[in-house]
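Below: one structure, written as structure tokens.
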Amino acid sequence: MTKKIKLFALALTSLLLVSCAKMDDSGDFGGYWQMLTMERLSDGEIVLTNADGVFYGVHSNTMKLTRPGEPIFLATYEVSGDSLRLTTIYKRPHDEVVPPTELAPMGVDETGSFKVEHISSDRMVLKNTLFRLSFRKY
């Protein structure tokens with residue numbers, strides 16, 4: 001009987017520790033997003049596809065933007081209604097603060113803002129002044 005009690009106590013302790021861990025409060029926005037297409041709004045041309053390897057990783061209030069051959073960027077962001085705005089952008093490895101224009105190869109315009117056209121647990125579409133970006137949850 002004492003083995004069962006010890007096992008139960010261990011399981012309960014583990015459950016309590018896991019439940020106290022910080023939860024990601026990003027909702028559907030949280031996770032690792034693979035860019036499927038980047039469509040230029042001026043002419044409808046698809047300028048990037050999933051083969052280009054662009055990813056947006058979102059956790060809590062931080063976003064990691066990556067593309068092969070480009071530096072890694074970390075950004076804080078704010079969501080208000082259907083708007084998403086990058087607030088502070090850091091360029092790795094030295095964490096220097098940079099303007100949104102540094103993220104142009106990953107679909108970010110000079111404002112660093114997006115309209116969220118669609119978001120669900122597995123798909124997302126963002127739009128800014130230059131591009132419509134389509135993602136799938138990876």
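Because the structure is a prediction, the values reported are computed rather than measured.
- Residues R92 and P71 fail the side-chain proximity criterion, which asks for heavy atoms closer than 4.5 Å.
- Under the 4.5 Å side-chain heavy-atom criterion for Ile, Leu, Val, Met, Phe, Trp and Tyr, Y56 and V98 are members of the same hydrophobic cluster.
- Side-chain atoms of M63 and L86, non-hydrogen and from C-beta on, do get closer than 4.5 Å to each other.
- Looking at K137, its side chain never comes within 3.5 Å of a backbone N or O of F29 through a donor-acceptor pair.
- Between the side chains of T37 and T49, no donor-acceptor pair is found at a separation under 3.5 Å.
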Margin query: One pair to check against side-chain contact (heavy atoms from CB on, under 4.5 Å): Y77 and T62. What are the steps and the verdict?
Written below: CA-CA 6 Å; Y77 69 90; T62 306; 5.6 Å; no

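- Taken together through direct or relayed side-chain contacts under 4.5 Å among Ile, Leu, Val, Met, Phe, Trp and Tyr, V116 and V125 form parts of separate hydrophobic clusters.
- Expressed to the nearest 0.5 Å, how far CZ of F135 lies from CD1 of I119 amounts to 10.0 Å.
- N128 places a side-chain N or O within donor-acceptor distance of the main-chain N or O of L130, the cut-off being under 3.5 Å.
- To the nearest 0.5 angstrom, L133 atom CG is 11.5 Å from M106 atom CE.
- In this structure, CZ on R123 lies 7.0 Å from CZ on R136, to the nearest 0.5 angstrom.
- When the salt bridge (Lys or Arg N to Asp or Glu O under 4.0 Å) test is applied to D109, no partner is found at least two apart in sequence or on another chain.
- The line from CZ of F131 to CG of L48 is 7.5 Å long, rounded to the nearest 0.5 Å.
- Residues G53 and P68 approach most closely at O-CD, 3.2 Å, considering heavy atoms.
- The main-chain N or O of T76 is found under 3.5 Å from a side-chain atom of T87 such that the two form a donor-acceptor pair.
- The line from CD1 of I72 to CZ of R67 is 14.5 Å long, rounded to the nearest 0.5 Å.
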Next item on the list: Decide yes or no on side-chain contact (heavy atoms from CB on, under 4.5 Å) for K64 and F73, but give the supporting numbers first.
Entry: CA-CA 6 Å; K64 179 180 179 182; F73 295 91; over 6 Å; no

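- Here the CD-CD distance, from E96 to E102, works out to 7.0 Å after rounding to the nearest 0.5 Å.
- Residues L65 and V79 share a hydrophobic cluster, clusters being chains of Ile/Leu/Val/Met/Phe/Trp/Tyr side chains in contact below 4.5 Å.
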Output side-chain donor-acceptor pairs under 3.5 Å for residues 38-46, partner residues at least two apart or in another chain, one line each.
| from | atom 1 | to | atom 2 | distance (Å) |
| --- | --- | --- | --- | --- |
| R40 | NH2 | E45 | OE1 | 3.3 |
| D43 | OD1 | E45 | N | 3.0 |

Next item on the list: Give the C-alpha distance, both sets of side-chain angles, the deciding distance and a yes or no for side-chain contact (heavy atoms from CB on, under 4.5 Å) between V108 and T101.
Entry: CA-CA 7 Å; V108 179; T101 53; over 6 Å; no

Note to self: Show, in sequence, the C-alpha distance, side-chain angles and deciding distance for E78 and L84, and conclude whether the side-chain contact (heavy atoms from CB on, under 4.5 Å) test is met.
What the structure shows: CA-CA 6 Å; E78 295 175 345; L84 164 70; over 6 Å; no

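- Applying the side chain to side chain contact (heavy atoms under 4.5 Å, CB included) criterion to Y32, with sequence neighbours excluded, gives F55, T66, Y138.
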